Amino acid sequence: QAPAPTKWSKRNLSWRVRTFPRDSPLGRDTVRALMHYALKVWSDITPLNFHEVAGSRADIQIDFSAADHNDRYPFDGPGGAVAHAFLPGDHHTAGDTHFDDDEAWTFRSSDAHGMDLFAVAVHEFGHAIGLGHVAAPRSVMQPYYHGPVGDPLHYGLPYEDRVRVWQLYGVRESVSPTAQPDTEEPPLLPEPPNNRSSTPWRGHSCSPSLAVQRVMPSVISSQPLPQSPAAASTSPTLPAPPCHRHLPSASMNLPCPWTSSGVIPHVVPSGFLTVAIKWVRGLAGTVERGRLTGWLSPARLFLSPGDRYWLFKDNNVEEGFPRPISDFGLPPGGVDAAFSWAHNDKTYFFKDQLYWRYDEHTRRMDPGHPAQSPLWRGVPSTLDAAMRWSDGAAYFFRGQEYWKVLDGELAVAPGYPQSTARDWLVCRDLQTSPESTDGQAGAHARPGQTDQSRSEDGYQVCSCSS
Amino acid sequence: APAPSAEDLSLGVDWLSRFGYLPPPDPTTGQLQAPEELSKAIAAMQRFGGLEATGVLDQATLALMKTPRCSLPDLPAAPARRRR
């Protein structure tokens with residue numbers, strides 16, 4: 001008596017690698033990338049969307065565990081049982097996927113004794129979305145491990161598996177059931193760890209030209225890359241753009257707003273502003289001032305790297321995006337800055353010396369706009385970025401300086417402008433050349449600030465409390 | 001074919017129970033699996049694994065049982081028999 005099929009009732013599923021293999025030649029980025037591609041195998045042909053999350057809550061929790069790890073399926077050392085995943089359902093482990101940490105996990109390896117992580121992951125994620133084992137020899141859901149299945153970037157599911165998953169979830173709109181899955185160029189897999197330099201980019205972290213957006217409960221701060229290919233060529237090499245780490249679904253099936261505009265994001269826990277100071281190999285696009293704009297209306301985040309904008313809800317891109325910014329009555333070419341002012345529930349867009357005011361309730365631009373900037377006395381007429389911070393004040397950025405407007409006020413607070421590098425980036429020596437400036441929390445933080453400086457997963461993080 | 005050793009038989013029964021081909025042994029009675037049930041389970045496992053379904057625990061079957069694989073059962077877990 002076959003049990004009723006189990007499947008997810010939702011179509012957007014989050015995932016997270018909770019624990020990584022301990023003694024594996026595969027780096028964390030490689031493991032994450034392989035998980036991404038193994039999930040993409042399924043989402044390419046079904047209406048499922050997978051996005052990586054950083055928090056503790058994820059639909060699909062991925063672990064590398066050994067021996068008995070407190071579920072019904074203890075591992076048994078090398079060989080034997082290599083992985084398992086839990087079918088969808090109401091149980092808290094539904095979708096969770098476990099790999100035996102005692103296996104010699106490999107990727108693109110000629111070692112016949114290793115266990116190809118991508119091949120196993122594709123199989124296990126089949127379980128995680130509701131597929132059981134089948135006897136069909138060509139099916140990826142055949143229970144036995146038969147070695148690597150090929151390049152993750154070009155792998156396509158056997159027809160039998162496609163039919164089975166279509167029976168559960170239907171066909172993705174962009175896919176013809178009789179055709180091969182879409183072969184759009186996917187993002188690059190990270191190089192093997194030994195091909196990387198771990199040298200952090202020591203760019204212009206203390207002479208920033210920022211686009212900033214405070215996202216509840218996180219912050220995105222983006223810093224344009226060096227302006228010329230020459231600057232790029234002298235930069236050390238580092239891993240591929242980590243856009244999907246931060247807003248995962250943005251980069252999985254959609255263009256990543258940051259990488260497409262040559263800007264690198266960094267999202268950190270609540271209360272911190274972090275500047276991405278990573279250089280991405282091969283990405284040498286010119287970034288114009290203010291190309292990345294972010295603004296936040298109630299519960300909705302908009303990001304725009306140019307003429308188009310993306311709408312996010314939580315970490316997901318809403319369906320139907322990107323859309324042209326002309327939706328808001330904005331001119332082609334993008335805007336320099338935008339932010340929502342909680343004082344009147346209006347969203348302000350700035351471009352050159354003009355500003356527009358958008359009404360969140362009527363969803364139209366207010367009459368009489370664009371108008372001449374600035375609206376707030378003391379704020380410069382052109383801006384690089386603007387945002388509302390957790391203290392309720394609005395902050396405006398231009399060049400190396402920022403201006404603060406207290407909540408509800410129409411003029412800049414006394415004592416401004418101040419240095420962005422000193423107050424937001426905690427740069428200890430503003431005159432230091434980029435080569436000698438590491439952007440880390442300095443020794444001269446102001447009273448009340450809590451400095452944190454750490455290098456995590458190849459990233460340099462520079463943060464300060466609000 | 002030579003009869004499987006006691007060790008192979010034990011391994012086979014354990015494997016077949018683990019992956020859903022045999023109901024788990026009754027811990028209260030320590031009841032062994034009946035030979036017919038065992039043969040049927042082996043045949044089912046052989047069919048699933050692409051082997052000839054002989055129902056005999058031969059070397060090819062044992063080799064398949066030692067092949068790395070997913071931990072989940074191939075068949076939905078059969079309920080343990082209850083005593084009337």
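Below, read A as the first sequence line, B as the second, and so on, with proteins coming before strands; counting in each chain starts at 1. Note that this is a predicted model, so its numbers are computed, not measured.
Minimum interatomic distance between A:Asp76 and B:Arg18 (heavy atoms only, all atoms of both residues): OD2-NH2, 3.6 Å. When all heavy atoms of A:Tyr144 and B:Gly49 are compared, the closest pair comes out as CE1-CA, 4.0 Å. Scanning both residues, B:Cys70 and A:Glu124, for their nearest heavy atoms gives SG-OE2, 3.2 Å. Here the closest non-hydrogen pair linking B:Ser71 and A:Tyr73 is O-CD2, 3.8 Å.
Neither the backbone nor the side chain of A:Val120 comes within contact range of chain B, judged by heavy atoms closer than 4.5 Å. Heavy-atom distances place the backbone of A:Pro74, and not its side chain, under 4.5 Å from chain B. Residue A:His146 does not touch chain B at all, counting heavy-atom pairs closer than 4.5 Å.
Environment of CZ in A:Arg138: sparse, with no more than 12 heavy atoms of neighbouring residues, nucleotides or ligands closer than 6.0 Å.
Here A:Ala81 is the residue among A:Ala81, A:Pro137, A:Gly79 with the most heavy-atom pairs under 4.5 Å with chain B.
Every residue meeting the side-chain hydrogen bond (donor to acceptor under 3.5 Å, both in side chains) condition with A:His91, not counting sequence neighbours, appears here in chain and number order: A:Thr93. Checked against salt bridge (charged side-chain N to carboxylate O under 4.0 Å, His left out), B:Arg47 has no partners two or more places apart in sequence or in another chain. Residues satisfying the ring-ring contact (aromatic ring centres under 6.0 Å, His included) criterion with A:Phe118, sequence neighbours excluded, are A:Tyr155.
The CZ atom of B:Phe48 lies 7.0 Å from the NE2 atom of A:His133; values are rounded to the nearest 0.5 Å.
Of all residues spanning residues 82-89 of chain A, those with a heavy atom less than 4.5 Å away from chain B's heavy atoms are A:Val82, A:Ala83, A:His84, A:Ala85, arranged by number.
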